2 protein chains.
Amino acid sequence: MKSPTELSEAFRSQGRKLTPQRQAIFDALDGNPSHPSAESVYDMVRVHMPSISLRTVYQTLNDLTEMGEISQVDLGLGSARFDPNNEPHHHLVCSGCATVFDVAVEVDSPLPDLEVPAGLGDGFVVDSTDIIFRGMCARCAAGQQPTDLGPVP
Amino acid sequence: MKSPTELSEAFRSQGRKLTPQRQAIFDALDGNPSHPSAESVYDMVRVHMPSISLRTVYQTLNDLTEMGEISQVDLGLGSARFDPNNEPHHHLVCSGCATVFDVAVEVDSPLPDLEVPAGLGDGFVVDSTDIIFRGMCARCAAGQQPTDLGPVP
DNA sequence: TGCTAATCAGCAACTCTTGTTGACTGGCTC
DNA sequence: GAGCCAGTCAACAAGAGTTGCTGATTAGCA
Ligand SMILES: [Mn+2]
Ligand SMILES: [Mn+2]
Ligand SMILES: [Zn+2]
Ligand SMILES: [Zn+2]
């Protein structure tokens, strides 16, 4: 994702208005590695802007997704997660606390969009590859400190 | 998934009753590679058993999942898909028609549960790896013949 | 300054899935 | 063969997550 300043420019140059609500959402996402849900973004922004509505948060997150500034990832948790990291990467998902970590793709790895073995899906053209590693994060593997995030559905 | 006959035994031996509804669901899933949703199973079974309820279909699919006979996979389509294929494998998902294909894991591949590169998620213990290849199936890549399945959400 | 997008509150609605209740049926065991 | 009780059914309600809609108000930007 671009910086909040650059995003402001991008919004204006596309004829979208730059509102305080949108700026607050830019700030909440900037450098945020937590893969927040819409509700989480809502909670973050509400601290400094109690009047913002959840509807507006969804709207702006969808705008940013359309613009390609963030991506919306479905990790099999109950809700969509939003990801400002635009580098190609994959995800670790903790089954204990639902925390999500990024996994950088190694350049020499055979993981990304490569041909799949022949089979029933012959002729399938792969556009993208999503890899989800499920397991336990260090905290959850050690002992079960109670966490804010609920357990995985 | 075991054969319908074996499943019938498994149900009885676990104190679960063998009802015609359950048998019809066994039959619908047996050797079925389509990764049906609960609604799809419902539609398949209803052809020969119009009185079955969707509630019962969900119930039995959950029973089979608990027993480890099938797995419930979340492929980012609007609903859960049920998979009687218990061999370790991954999935191709067509963005055009939402068809799902199995991809067998090659034995010499570095794809399955291996250690992930060091990073923020240090100490993460990987239990399972889900890989979803997204793209276009041969049919959809060729021309757009209208398909029964709706487009991907 | 004015046009118009954006926001808000306050809803309703939608999809998928599970819960509930009360009545009934039919597997399974003895 | 009889009886217990799991299973099923209909007919709902409800929950979560997300989107839609309304009408009124605000405020960004030209
Ligand atoms: Mn990420
Ligand atoms: Mn499969
Ligand atoms: Zn954890
Ligand atoms: Zn297709």
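Numbered from 1 within each chain, the chains take letters A, B, ... in sequence-line order. All figures in this text were calculated on a predicted structure; none of them were measured in a lab.
- Checked against the 6.0 Å centroid criterion, the rings of A:Phe26 and A:Phe11 qualify as a close aromatic pair.
- Here B:Met136 contributes atom CE and B:Ser95 contributes atom OG; the two are 5.5 Å apart, rounded to the nearest 0.5 Å.
- Straight-line distance from the CG atom of A:Leu54 to the C1' atom of C:dA9: 13 Å, rounded to whole Å.
- Side-chain atoms of B:His91 and B:Ile131, non-hydrogen and from C-beta on, never get closer than 4.5 Å to each other.
- Comment: B:Arg22 engages B:Asp63 in a salt bridge, judged by a side-chain N to carboxylate O separation of less than 4.0 angstrom.
- For the segment residues 10-29 of chain A, the set of residues with a heavy atom within less than 4.0 Å of an atom of DNA chain D comprises A:Arg12, A:Lys17, A:Leu18, A:Pro20, in numerical order.
- Atom pair B:Asp74:CG and C:dC16:P shows a separation of 13 Å (rounding to whole Å applied).
- For the pair A:Asn62 CG and C:dT7 P, the interatomic distance rounds to 12 Å; values are reported in whole Å.
- Looking at A:Asp83 and A:His89, their side chains do bring a donor and an acceptor atom within 3.5 Å of each other.
- The cationic group of A:Arg55 does not satisfy the cation-pi geometry with A:Tyr58, failing either the under 6.0 Å distance to the six-membered ring centre or the 45° limit from the ring axis.
- Contact between the side-chain N/O atoms of B:Tyr58 and the OP1/OP2 oxygens of C:dT17 is found at a separation under 4.0 Å.
- With contacts defined as side-chain heavy-atom distances shorter than 4.5 Å, the pair A:Cys97/A:Cys137 qualifies.
- Here the side chain of A:Thr56 pairs no donor or acceptor atom with the backbone of A:Ile52 at under 3.5 angstrom.
- With a 4.5 Å cut-off on side-chain heavy atoms, A:Phe82 and A:Thr65 count as touching.
- Screening A:Asn62, A:Leu64, A:Leu61 for a side chain to side chain contact (heavy atoms under 4.5 Å, CB included) with A:Gln72, the sole residue that qualifies is A:Asn62.
- Within the 4.0 angstrom heavy-atom criterion, no nucleotide atom of any strand lies near B:Ser37.
- Counting 5' to 3', DNA chain D first comes under 4.0 angstrom of a heavy atom of chain B and last does so at the ends given by D:dC5 to D:dA10.
- Projected onto DNA chain C by closest heavy-atom contact, A:Met49 and B:Ala38 fall at different nucleotides, the more 5' of which corresponds to A:Met49.
- Between A:Asp63 atom CG and C:dA6 atom P the separation is 8 Å, expressed in whole Å.
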Short heteroatom pairs, N/O only, protein and nucleotides 21-24 of chain C, under 3.5 Å:
none

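- Between the side chains of B:His90 and B:Asp102, no donor-acceptor pair is found at a separation under 3.5 Å.
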